[in-house]
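Every chain is numbered from 1, with letters handed out A, B, ... down the list of sequences.
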Protein chains: 2
Amino acid sequence: MNADPVTLREVAEEAGVSVSTASRALTGKAEQYRISKKTERSIRDVAERLGFRPSHLARSLRNQRTGLVGVLVPDVSNSFFSAIAREVTRCAREQGYDVLLVDSQESTACEEQLLGHLQSRQIEGLVLCPVGESAEHLQAFEAKGIPVVMVDRCFSQLNLTTVTSDHQSGTEALMAELLQKGHRVIGCLQGRVGTLPNNERIVGYRQSLKAWNIPFDRSLIAGDQFDELSGYRAASHLLSTHVGMTAMFAFSNQILLGALRAINERKLSIPKDISLVTFDDPPFAEFLAAPITSAKQDVPLLGKTAAELLLRQLKGHESPKNQIYRIPVEILPRKSIATCSFH
Amino acid sequence: MNADPVTLREVAEEAGVSVSTASRALTGKAEQYRISKKTERSIRDVAERLGFRPSHLARSLRNQRTGLVGVLVPDVSNSFFSAIAREVTRCAREQGYDVLLVDSQESTACEEQLLGHLQSRQIEGLVLCPVGESAEHLQAFEAKGIPVVMVDRCFSQLNLTTVTSDHQSGTEALMAELLQKGHRVIGCLQGRVGTLPNNERIVGYRQSLKAWNIPFDRSLIAGDQFDELSGYRAASHLLSTHVGMTAMFAFSNQILLGALRAINERKLSIPKDISLVTFDDPPFAEFLAAPITSAKQDVPLLGKTAAELLLRQLKGHESPKNQIYRIPVEILPRKSIATCSFH
DNA sequence: TAGGATTGCACAATCGTTTGTGCATAAGAC
DNA sequence: GTCTTATGCACAAACGATTGTGCAATCCTA
C-alpha cells in the first residue's frame with residue numbers, strides 16, 4: 001500500500017552494482033563512463049521492475065536545476081490569464097519544464113510574497129503577469145539573475161523582456177469604428193490605473209479624439225480595476241452623469257460584463273440607446289443580445305511568445321533585454337454600434 | 001548581479017556559529033536546543049542582512065516533505081477548471097502548500113504521464129479532475145498511498161474521496177422547467193460519454209421523461225465531448241434531423257457556445273424557434289440575446305470542498321475513503337424557454 | 001611475458017538542509 | 001574544592017541523487 005518510493009540505491013543493490021553505476025546507466029551516460037551493455041541492460045531491467053522513479057528533489061539539489069518555471073498571474077480564474085497560463089504550461093512541458101502556477105489575487109503585497117516563495121523553490125525562470133502597480137520588488141527579483149518575461153501589464157522601466165498587445169493602435173482602431181459612425185461622447189470604462197495597458201489605451205483614446213478634433217473630457221473616464229465590479233460601477237456612474245453619452249468603451253471582458261449589467265438594469269438597449277465596444281473578445285461576444293464589436297487580443301500568442309522567449313533564455317541564448325514584443329490586435333466589427341446622427 | 005543564493009553555511013560562518021546552530025535558531029528550535037537568546041538574535045540578524053532564503057529543495061529532501069500538492073485538470077483555460085484550480089490554490093496556500101498545476105489536455109495518455117511526473121516531484125497530495133475515461137492508472141496511483149481527492153468526473157469504483165455536483169437532480173430540475181412549459185421533444189447535447197457527470201445527467205434526463213410518460217428516443221442524444229465543437233456538431237445534427245424538436249439541453253458552457261453558434265447559423269431565434277437550457281451558468285448567461293435558463297454548479301465550493309478534504313488528509317485526519325460529496329445545483333430560470341402548446 | 005593501454009566499475013565528495021549526540025565550560029550543591 | 005547538573009554549542013550522519021577520480025582486471029603489443 002504505502003509503498004515508499006524506490007531509491008537508486010535499492011536498484012543498485014538489486015542489480016548488484018554500485019549506486020554510481022546505476023545512476024550512469026539510467027541517465028544515458030553508460031557510453032561515456034564505459035558501462036558494459038550487459039550491465040546497463042540489467043540495471044534498466046531492475047529499475048523497470050521495481051518501478052524506480054528518480055527523485056526530482058535530490059536530482060535538483062545536486063544539479064542545481066529544478067526544471068521548474070513559475071507562472072505568476074493576478075487571477076487564474078480570469079480566462080485571459082488562464083489562457084496565458086495554459087500556453088506557457090504547454091510550451092514549458094514540451095521542453096521538459098514543469099510549471100508552478102501561482103495567483104497574486106490582484107494584490108501587490110501578495111505578489112511580493114509569492115516571488116519570494118518561487119525563489120526559494122528555485123524556479124529557473126518566470127513568466128510574470130504583474131499586478132502592475134509598482135515595480136521595486138520586481139527590480140529586486142530581477143537582480144537575482146533569474147530570467148523573467150513579463151506579460152500584459154509590464155513596466156517599461158524594468159530591464160526585462162516583455163510581451164504585450166498593441167494596446168494603443170487596437171484602441172485607436174476600435175475608436176475609429178465609433179467615431180466613423182458619428183459618436184462624439186464616448187465613455188471610457190478603464191481598468192487599473194497606472195498599468196501599461198490602461199495607460200496606452202487611454203493614450204489611444206485621447207489620440208483618437210484629437211485626430212477628430214474632439215475635446216477630451218476627463219470626466220468621461222471611470223473605473224479603477226479590470227474586474228466586473230469596477231465595470232459595473234463605472235458604467236452606472238457614467239450613465240447617470242452623462243446623459244449625452246452615446247457610446248462606452250470597456251477595457252476588459254470583465255468590465256464588459258459589469259457594463260452589460262448596468263445597461264440591463266436601466267433597461268437600455270444596445271445599440272439603440274447606447275453603443276458599446278470592448279477590448280478583449282469574450283467567446284460569447286457574438287451571441288449577446290447585441291453582438292459586441294471588439295478588439296481581440298491574441299491571448300494564446302501572448303502566452304506562447306512569452307514562453308518561447310523565456311525558454312530561449314533558459315537555454316542560455318542571451319536574448320536582448322529591455323525589449324518589448326507587441327502582439328497585434330484584431331478588430332471584430334459586430335452589431336453593437338449604432339449610427340449616430342446628432343452633432 | 002547573478003547573486004548565488006545565500007546558504008545556511010554562509011550565514012553560520014558570518015555569525016561565527018556552526019551550521020546546525022544556525023539552522024535551529026532560524027527554525028524556531030532555539031529553545032528546544034538551548035541556543036542563547038543572544039546567539040539566536042545575532043544569527044537572525046545575519047540571515048536577514050544576507051537575505052538568506054532556505055532552499056526548499058534541500059529542506060524537502062531532508063524532511064521528506066515537499067509542501068507541494070498537485071492539481072491536475074483536463075483544461076486550465078476552461079473557466080470551470082480554472083475556478084476549481086483557483087480555489088484549491090488559495091486554500092492550499094493558506095495551509096502553507098504550493099500548487100503544481102498541470103493540464104492533461106483532455107487526454108488520458110497525457111494524464112497518465114503527468115501522474116508519473118507529479119509523483120517524481122513528490123507531491124504530497126493531489127486534487128484530480130480526471131479525463132474520466134478510464135481509471136486503471138488512477139488505481140495504480142492511489143496505491144502509492146498519496147492522498148487524492150477527485151473532482152467532477154469521478155469514478156465511483158475507485159476507493160477515493162470525491163466531490164461532484166448533484167448532476168441528476170440538477171438535470172431533473174432543469175428538465176422540469178422545460179416539461180412544465182409543454183416541451184416534449186428535447187434534444188440532449190451531451191459531453192464525454194461514460195463520464196460520471198454525463199452518465200448521471202443522462203439518467204436524470206431519462207427519469208424526467210419517464211415521470212412524464214414520454215418515451216425515450218435515443219436519437220435525441222448527440223455529442224461526445226464537453227467542448228464547443230462537440231456542442232456545435234451535436235446541435236447542428238439534431239436541428240437538421242429532428243424538425244419536431246422544440247428544446248435543447250446543453251451539458252456544459254462550452255457546449256452551450258457551440259449550440260448558440262449552430263442556432264445562430266440557422267437564423268433561428270431563442271426561444272421562439274427553439275428553447276435552450278444549460279448545465280453550468282456562464283457569467284454572460286443573462287446578457288445573451290435570450291438570457292439562458294441554467295443549472296448553476298457551485299464551482300468555487302467544489303474546489304474549496306476538495307481542497308479542504310485533501311488538506312485534512314494531509315494533516316493525518318483519516319478521512320473516510322470511498323465517500324462522495326455532492327454539491328447542490330441551483331436553477332436560474334431566465335428567458336430561454338418558450339411555452340409550447342402542441343401535443 | 002613484461003609493459004602500457006583499455007575496459008568496467010566502485011569510492012567518496014557534493015548539493016543545502018535537519019537532527020541525534022557528544023563535549024566542553026559554567027553554575028550550583030555540599 | 002570536588003562532584004553533579006545545566007548550559008551552549010559543534011560534529012557528523014542522514015535525505016537521494018550526480019560525478020571526478022582511482023583501482024583492479026583484462027587486453028594488446030612487442
### Query
Within this structure, what is the CD-to-C1' distance between B/E10 and C/dC15, rounded to whole angstrom?
13 Å
### Message
Has A/T39 got a side-chain atom pairing as donor or acceptor with A/I35's backbone, closer than 3.5 angstrom?
### Response
no
### Query
Does any non-hydrogen side-chain atom of A/H117 lie less than 4.5 Å from one of B/R93?
yes
### Task
Could you tell me whether the side chain of B/V151 reaches within less than 4.5 Å of the side chain of B/T162, counting heavy atoms only?
no
### Inter-end axis angle, the helix from C/dG4-D/dC27 to C/dC30-D/dG1, with every axis fitted to five base pairs (rounded, 10 degrees)
70°
### Query
Which residues satisfy the salt bridge (charged side-chain N to carboxylate O under 4.0 Å, His left out) test with A/R90, sequence neighbours excluded?
A/E87, A/E94
### Task
May I ask you to establish whether B/R192 and B/F226 are in a cation-pi arrangement, using a distance under 6.0 Å from NZ or CZ to the six-membered ring centre and at most 45° from the ring axis?
no
### Check against side chain to side chain donor-acceptor pair (under 3.5 Å), A/T66 and A/Q122
CA-CA 7 Å; A/T66 53; A/Q122 267 149 280; over 6 Å; no
### Query
Ion pair present between A/E40 and A/R44, side-chain N to carboxylate O less than 4.0 angstrom?
yes
### Any donor-acceptor pair under 3.5 Å from B/S23 side chain to B/V19 backbone
no
### Query
Can you give one letter per nucleotide of nucleotides 3-19 of chain D, 5' to 3': B if a protein heavy atom sits under 4.0 Å from the base, S if only from the sugar-phosphate, - if neither?
----BBBBBBBBBBBBB
